[in-house]
Amino acid sequence: MSTLTLLGVALGLAMDAFAVAIGAGLQLCDVSKRQTFRMAWHFGLFQALMPIIGWLAGLTLVEYIEPVDHWIAFGLLAFIGGKLIYEALRHSEEPVDRCDPTKGWRLVTLSIATSIDALAVGLSMAVLGLSIWWPALVIGVVAGAMTVIGLELGCRFGSLLGRRMEVVGGLILIGIGVKILVEHLAA
């Protein structure tokens with residue numbers, strides 16, 4: 001696989017992480033270096049590990065995973081996006097305990113949901129007889145970098161447009177889930 005092709009694949013896989021990071025930046029409004037590191041690390045790590053898992057699974061598990069991977073990604077993203085919209089639209093005078101998308105199970109769930117496509121890339125590389133180690137590293141680094149950029153962009157837009165942008169962030173997550181679902185169902 002050429003370097004240009006590998007970078008194209010890595011950028012394509014990183015687009016979901018980028019969009020989710022924009023949504024997280026919109027929600028958080030003021031993103032710390034620690035939050036940025038956590039999200040970039042997890043998204044990059046999961047984007048690097050999923051192709052390895054797919055590659056190791058090879059052809060033995062593809063028939064079980066492939067029929068439902070798009071439903072899993074859609075369900076996870078729709079749930080988190082819906083929850084984000086719900087929290088943004090709550091009409092409550094009391095302070096809202098908003099979950100930080102760069103912590104805990106929410107971060108793990110987002111990491112899995114944005115990296116499921118990378119599993120298929122690993123399976124494809126196994127079928128083609130390609131080594132996975134260098135591509136996995138490049139995919140992980142690119143996803144981490146795109147996450148940092150997405151968080152920064154989301155934070156800037158969020159501070160300009162306020163809390164209603166959380167709704168936009170939730171809609172972005174749901175939209176990514178729908179996109180994944182439609183692409184797989186149309187294929």
Applying ring pair (Phe, Tyr, Trp, His ring centres under 6.0 Å), can you list everything that pairs with W133, at least two apart in sequence or on another chain? W55

Would you call T114 and F46 a side-chain contact if the rule is heavy atoms closer than 4.5 Å? no

Please indicate whether L185 has more than 12 foreign heavy atoms, meaning atoms of other residues, nucleotides or ligands, lying under 6.0 Å from its CG. yes

Looking at side-chain heavy atoms only, is the closest gap between F43 and V20 below 4.5 Å? yes

Give a yes or no on whether a salt bridge exists between R34 and D100, defined as a side-chain N under 4.0 angstrom from a carboxylate O. no

Calculate, to the nearest 0.5 Å, the distance between atoms CG and CG belonging to L171 and L26 respectively. 11.0 Å

Linking I/L/V/M/F/W/Y whenever any side-chain heavy atoms sit under 4.5 Å apart, do L56 and L49 land together? no

Decide yes or no for I139 and M50: does some side-chain heavy atom of the first lie under 4.5 Å from some side-chain heavy atom of the second? no

Where do V142 and A14 come nearest, in terms of heavy atoms and distance? CG1-CB, 4.0 Å

Taking the side chain from E152 and the backbone from I149, do they hold a donor-acceptor pair closer than 3.5 Å? no

Whether the side chain of S115 engages the backbone of A118 through a donor-acceptor N/O pair (distance < 3.5 Å, no angle test) should be reported. no

Would L28 and T102 count as a side chain to side chain contact (heavy atoms under 4.5 Å, CB included) if you check the C-alpha gap in whole Å, the side-chain angles of each, and the deciding distance to 0.1 Å? CA-CA 9 Å; L28 294 171; T102 68; 4.0 Å; yes

Is the shortest heavy-atom distance from the side chain of L110 to the side chain of P101 under 4.5 Å? yes

I22-M15 co-clustered via ILVMFWY side chain contacts under 4.5 Å: yes

Between the OG atom in S111 and the CG atom in L45, the distance rounded to the nearest 0.5 Å is 8.0 Å

Please confirm whether the backbone N or O of L13 pairs with a side-chain atom of Q47, one donor and one acceptor, at under 3.5 Å? yes

Any side-chain heavy-atom pair from T36 and S32 closer than 4.5 angstrom? no

Go through it in stages, so that I can follow the logic: the residues are M146 and L11, the test is side chain to side chain contact (heavy atoms under 4.5 Å, CB included), and I'd like the CA-CA distance, side-chain angles, deciding distance and then a yes or no. CA-CA 8 Å; M146 294 302 290; L11 278 172; 4.1 Å; yes

Please determine whether side chain to side chain contact (heavy atoms under 4.5 Å, CB included) holds for the pair W134 and L6, giving the CA-CA distance in whole Å, both sets of side-chain angles, and the decisive distance to 0.1 Å. CA-CA 9 Å; W134 176 246; L6 177 56; 3.5 Å; yes

Membership question, hydrophobic clusters at under 4.5 Å side-chain separation (ILVMFWY): are L153 and F37 in the same one? no

Hydrophobic cluster membership, W41 vs W105, 4.5 Å side-chain cutoff: no

All heavy atoms of G122 vs all of I132, minimum pair found to be CA-CD1, 4.2 Å

What one should report as the nearest heavy-atom pair of T147 and M39 is CG2-CG, 3.5 Å

